[in-house]
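Since the structure comes first, as structure tokens, the remarks are kept for the end.
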Amino acid sequence: MKKFTFLFFAVMIFASCCCKEKNTEKPIMAVIDESMEHAVKQSLFMAGTIDGMEGRLPKTIDKYGKLVTSDSHWWCSGFFPGVLWYLYEYSGDPDLKNYAEKITARVEREKYTTTDHDVGFMLNCSFGNGLRIDSIESYKEVLLTGARSLSTRFNKTVGTTRSWDWNKNVWDFPVIIDNLMNLELLMWAFKESGDSMFYDIAVSHADVTIKNHFRDDYSSWHLISYDTITGQPAIKQTNQGYSDDSAWARGTAWSLYGYTMMYRETGLERYLEQAKGIAGFILNHPNMPDDYIPYWDFNAPDQPNCYRDASAAAIISSALIELSQYDKANSKKYLDVAEKQIRVLSSDEYTAPIGTNGGFILKHSVGSLPGNTEINVPLTYADYYYLEAMMRLRELLKN
Ligand code: GLY
């Protein structure tokens, strides 16, 4: 019996070494292809589950590992449709296209939403990808209507769009760093319609955010509440990070992605400079682990025993791949880190076996630790940006 136990553990240790070896030694294209194939299977499983749940969209899992869903108004509603579009783009599988169209339609009613800034995430990741990949003309109306809804949240005195409408007795005009991501929808609407109102709002929001949201080291506050009489910041704090002075990992990731995207969309040098500064903060941070999967907050206590955030890693990876094309001097550094993140996220530590994890691809993300919700769980946006990162790197390597 003892002999058997010894043999069993020896085989397990050998297998795990081989497995690790496999993921670091294998060419990155092979890692990407295997991971995309795996994601196709896992997401078809998820789509099959969600298909019969009228109007519902995947959100996370509960403590028993069971899928938790939301309606379309949850800020993440566009990510799973986006996952399906990316996987259809990769595989050409007609079942994926069929599911992508059906599940994208569940988000359409959000084009009328004027009470929340996340309409950009919701529509751009779902309808935006559908339009880009499959040229579905009718999607343009949805995106334009959504962009108009989002633009109603712009305040001329402050110079930004408002993020949230809750907690009104504390925040006069709250803007969170995440809101940069919603500017992509406005920039698309500008290009599509020629209406400079969309451009002006997006550029104003990005400029005011540079001025007020960042510390000298390019880390950012999560939330600024502006005074709508003076237009000046009144409160600087966090809602999802460790403390008002800390650098919340996902917020930092949103800011990197946001300014990289705004440079792509406008060609304005100041956005490239901002993105480079943020990249420097992330890559040189003494608390960044060697595998480049950040802790949920760069200043989280109990490191190295606190939670990692796979979603922040996926967003950073995708953003760095894009930034590598604009900041040529640091291109190799960005690509090395992005590749490493993809390899680690593709390992058994982060990628769930097919049919488990509620159908989500990745494990180990953190929604809101201070809010005590979605801690160390799968989240749709981790999956979305992980696939985006792999598609971007694949495209780059092919060319
Ligand atoms: N936009 C909300 C979050 O990143 O959790």
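First listed ligand is number 1; within each ligand, the first listed atom is number 1.
A donor-acceptor pair shorter than 3.5 Å can be found between the side chains of Tyr86 and Glu388.
Using a cutoff of 4.0 Å between basic side-chain nitrogens and carboxylate oxygens, Arg153 and Asp165 are scored as salt-bridged.
Annotation: cation-pi geometry not satisfied between Arg308 and Trp296 (NZ/CZ under 6.0 angstrom from ring centroid, within 45° of ring axis).
Interface atoms of ligand 1 facing Gln240, defined by a heavy-atom separation under 4.0 Å, are 3 (C), 5 (O). Here is the list of ligand 1 atoms found below 4.0 Å of a heavy atom in Trp248: 3 (C), 4 (O), 5 (O).
No N or O atom of Asp118 sits closer than 3.5 Å to an N or O atom of ligand 1. Note: an N/O pair closer than 3.5 Å links Arg250 and ligand 1 by distance alone. Residue contacts with ligand 1: Trp254 is placed with a nitrogen or oxygen under 3.5 Å of a nitrogen or oxygen of the ligand (distance criterion only).
In this structure, the protein non-hydrogen atom closest to atom 1 (N) of ligand 1 is Asp178 OD2, 2.7 Å.
Aromatic rings of Tyr385 and Tyr257 (six-membered ring for Trp) have centroids within the 6.0 Å cut-off, being under it.
Side chains of Tyr384 and Leu379 form no contact here, defined as non-hydrogen atoms less than 4.5 Å apart.
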